[in-house]
Participant: 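Structure below; questions to follow.
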Amino acid sequence: MKKSFFSKILVCVENSSCANRAILHACELAKKSDAKIFMIYVVYNPTAGRGLGISLIDRGAFVKMFREHGEKVLKKASKIAAGRGVKTEQIMKEGNVANEIIKFAISEKIDLITIGSRGLSKLPRFVLGSVSTKIANYAPCAVLIVK
Amino acid sequence: MLFNKILVPFDNSVISKRALNKAIALAILTDAKIVLVHEIDYHKTMAKIVGPYKGTMIAHVKKFMDDVKKYASRENVIVETQILYGNPAEEILKLMGKKKFELVVMGRRGTTKITGPSLGSVSNTLVQNSKVPVLIVS
């Protein structure tokens, strides 16, 4: 058994309290273990024919709105990290949220993904969100699910 | 934010050993104490069948828990051990309600081997119901 630790941490950011706590946890761990932090925001870009409600309004405007929102959220997240003396790299992707996060984790050989247990949809409190479930199930690395 | 007590549900499987390694590394970083828990799935029906072997089971569990203790003490990490009886997920959740842990570190799945990358039943229940962060190690 060898002692191994995290050198690359991926934080999934979002404008929710769980996700913010995930950022704090990641910063703390990164400081202790000298890790590099990647922050990812995935713009949900439904492929044609799917995402029922979205087809009613202009899809381009919808995606643009989310891109702007994502930039804001990433900026805010990097500020939180900078306040704690951790340098981060911001990444924005488009597509299916969980898939893009997992793809990125594989391509960058991430050691740890931190994610809030529940994002923006306010279902019963202790139920895991769909994105975090998918990541916990299929991620190639360790996953820290922050409550 | 820092962890004082880390709960590690442990079943001596390869994955849970990997999880233990992560927990030890975290404990070194944050000066935390590890609480190692093993669950013996022991209920009334089982008791009839394996009753006579309960002693053997406990001895087996104690042995690998002692090994873990020795291993961790080399890294100067304090490990507390505990054996629980009953339904694994339920009992671990009960313990988490009673004692305060800051983090749970566990393997994605334990001794039950179903192919495919998915959470095991115990880890799934814990992730869903835990009020503290859970680190899933694969």
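All heavy atoms count here, side chains included; hydrogens, waters and symmetry mates do not. Note on naming: letters A, B, ... go to the chains in the order of the sequence lines (proteins, then strands), and numbering restarts at 1 for each one.
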Participant: In Å and rounded to the nearest 0.5 Å, what is the SG to CD1 distance from A:Cys18 to A:Ile115?
Facilitator: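 The CD1 atom of A:Ile115 is 10.0 Å from SG of A:Cys18, to the nearest 0.5 Å.
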
Participant: Cut-off 3.5 Å, no hydrogens considered: what does the side-chain donor-acceptor table look like for residues 31-41 of chain A, sequence neighbours left out?
Facilitator:
from, atom 1, to, atom 2, distance (Å)
A:Ser33, OG, A:Leu29, O, 2.7
A:Lys36, NZ, A:Glu89, OE1, 3.2

Participant: Report the residues that fulfil side chain to side chain contact (heavy atoms under 4.5 Å, CB included) with B:Lys62, sequence neighbours left out, ordered by chain and then residue number.
Facilitator: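 Residues passing side chain to side chain contact (heavy atoms under 4.5 Å, CB included) with B:Lys62: B:Ile58, B:Ile83.
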
Participant: Which atoms of A:Ala22 are under 4.5 Å from chain B, going by heavy atoms: the side chain, the backbone, both sets, or neither?
Facilitator: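 No part of A:Ala22 comes within 4.5 Å of chain B.
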
Participant: Hey, is B:Glu102 close enough to B:Lys5 for a salt bridge, meaning N to O under 4.0 Å?
Facilitator: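 No, no charged N to carboxylate O under 4.0 Å.
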
Participant: Side chain, backbone, both or neither: which part of B:Leu103 has a non-hydrogen atom closer than 4.5 Å to chain A?
Facilitator: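 Just its side chain gets close to chain A.
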
Participant: Side chain, backbone, both or neither: which part of A:Ile113 has a non-hydrogen atom closer than 4.5 Å to chain B?
Facilitator: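 Neither part, no heavy atoms under 4.5 Å.
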
